[in-house]
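This report refers to the structure that appears directly beneath it.
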Amino acid sequence: MAKVSINPITAPAQSKEEAQFETTLRPQSFDDFIGQKILKKNLKILLSASEKRGDSPEHILLHGPPGLGKTTLAGIIAKKVNGNLRITSGPAVEKTGDIASLLTNLEAGDVLFIDEIHRLKTPIEEMLFSAMEDFAIDLMMGKGAGAKSMRLPLPPFTLIGATTRIGAISSPLRDRFGFVSKLEFYKDEDIMQIAERNAKLLDIQIEDPAKKLLAQCSRRTPRIANRLLKRLRDFAHHKDTENIDLKVANEALECLGIDSIGLNQNDVEFLSVIIEKFQGGPVGLSTLSAALSEEKETIEEIMEPFLIQLGFLERTAKGRVATERAFEHLGLNKKISPSLF
Ligand code: ADP
């Protein structure tokens with residue numbers, strides 16, 4: 001069976017070129033950060049209260065699917081508190097020496113952003129505990145019987161952790177964050193507003209109906225909206241126009257294999273396997289992973305959240321179930337589901 005390879009439009013990871021493109025479009029202030037109203041309001045309160053007290057803001061844990069704005073918010077917060085933003089990620093910190101070096105190089109008021117914080121190794125997590133709580137770390141000097149522990153004080157800083165898997169974070173680590181919040185998928189109106197702003201930055205026009213279609217196809221995720229906008233711009237240029245109208249948008253999305261509600265070929269394949277091979281489910285994650293030749297993590301973190309949001313998929317105690325809506329969308333009959341396999 002063909003392996004479901006993650007579509008470049010919906011993939012969570014960024015290439016170098018995309019990282020540069022994202023920097024161009026990344027909002028630099030709360031005013032430019034669209035949507036997530038409640039989270040924004042609570043963050044503003046947190047920052048203004050700590051400013052009045054003359055403290056660094058409490059440590060912040062942001063969770064939610066990729067591309068919803070966790071890194072962007074860390075940048076906005078660092079700017080707001082006039083601190084440097086230091087960025088790393090769980091897998092990049094391999095040894096306790098790496099985290100000790102990051103921590104001891106911080107200046108007062110800096111923001112340390114750790115992406116994929118759920119992937120930190122236990123000894124590194126343990127070093128973070130005292131850094132977060134006491135602004136100090138204990139380092140072992142020397143080896144063997146003569147080894148001594150030395151406490152190194154750190155300047156006050158704010159740790160911002162980001163994760164797509166809140167459940168994978170140990171409770172001692174989670175408990176050390178004073179502010180924990182989830183980023184929600186965006187409303188279509190918010191994505192339209194993001195597209196409007198970014199079209200101006202990219203020097204291209206996009207008409208309202210095309211903007212609406214782009215929003216419907218963006219999986220409620222700004223990163224995907226930005227990628228699509230870039231593709232639509234390429235398509236418009238290919239057609240020798242600086243204006244993205246509905247026709248251009250429709251043609252471009254068709255070329256990308258994205259349907260009117262944002263499903264790509266991977267989604268269709270994923271749902272088809274549940275429906276046609278497992279009669280709509282329930283089917284366990286491991287079985288699905290084997291049937292699709294796809295990592296369980298990728299299925300859980302990247303493929304499923306949007307399908308659940310659309311009401312196409314349910315996670316039950318017995319496994320994944322494709323809903324009536326999914327059957328309807330794919331034009332399949334729930335009772336007579338012919339097997340493709
Ligand atoms: P995450 O860290 O959650 O994976 P990012 O912060 O890297 O996501 O966001 C990806 C891109 O999406 C950013 O470069 C930015 O251009 C855009 N983006 C994210 N959130 C917003 C928002 N609320 N308003 C406008 N653009 C956003």
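Because the structure is a prediction, the values reported are computed rather than measured. Numbering of residues begins at 1 and proceeds along the displayed sequence.
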- Query: Tell me, do Arg320 and Arg315 make a side-chain contact under 4.5 Å, heavy atoms counted?
  - Reply: yes
- Query: Taking the side chain as C-beta and beyond, is there a heavy-atom pair between Ser289 and Ile299 under 4.5 Å?
  - Reply: yes
- State, yes or no, whether a side-chain contact exists between Ser181 and Asn42 at a heavy-atom distance under 4.5 Å. no
What side-chain donor-acceptor pairs closer than 3.5 Å can you find for residues 116-123, not counting sequence neighbours?
residue, atom, partner, partner atom, Å
Glu116, OE1, Arg119, NH1, 2.7
His118, ND1, Thr163, OG1, 2.7
Lys121, NZ, Glu94, O, 3.2

- Parallel, tilted or perpendicular: which fits the ring planes of Phe135 and Phe157, with parallel below 30° and perpendicular above 60°? perpendicular
- Note on the structure: Only one of Lys37, Gln36, Gln309 passes side chain to side chain contact (heavy atoms under 4.5 Å, CB included) with Glu184, and that residue is Gln36
- Verify same cluster id: Phe185, Leu39 (apolar side-chain graph, 4.5 Å): yes
Which atom pairs, donor and acceptor, lie under 3.5 Å between side-chain atoms of residues 148-155 and protein residues at least two apart or in another chain?
residue, atom, partner, partner atom, Å
Arg151, NE, Asp138, OD1, 2.9
Arg151, NH2, Asp138, OD2, 3.1

- Message: Is the shortest side-chain heavy-atom distance between Leu310 and Arg220 below 4.5 Å?
- Response: yes
- Message: Quiz question: by atom type and distance under 3.5 Å, do the side chains of Asp188 and Gln216 form a donor-acceptor pair?
- Response: no
- Query: Salt bridge between Asp110 and Arg86, side-chain N to carboxylate O under 4.0 Å?
  - Reply: yes
- Have a look at Asp55 and tell me which of Arg53, Glu58, Lys52 forms a side chain to side chain contact (heavy atoms under 4.5 Å, CB included) with it. Arg53
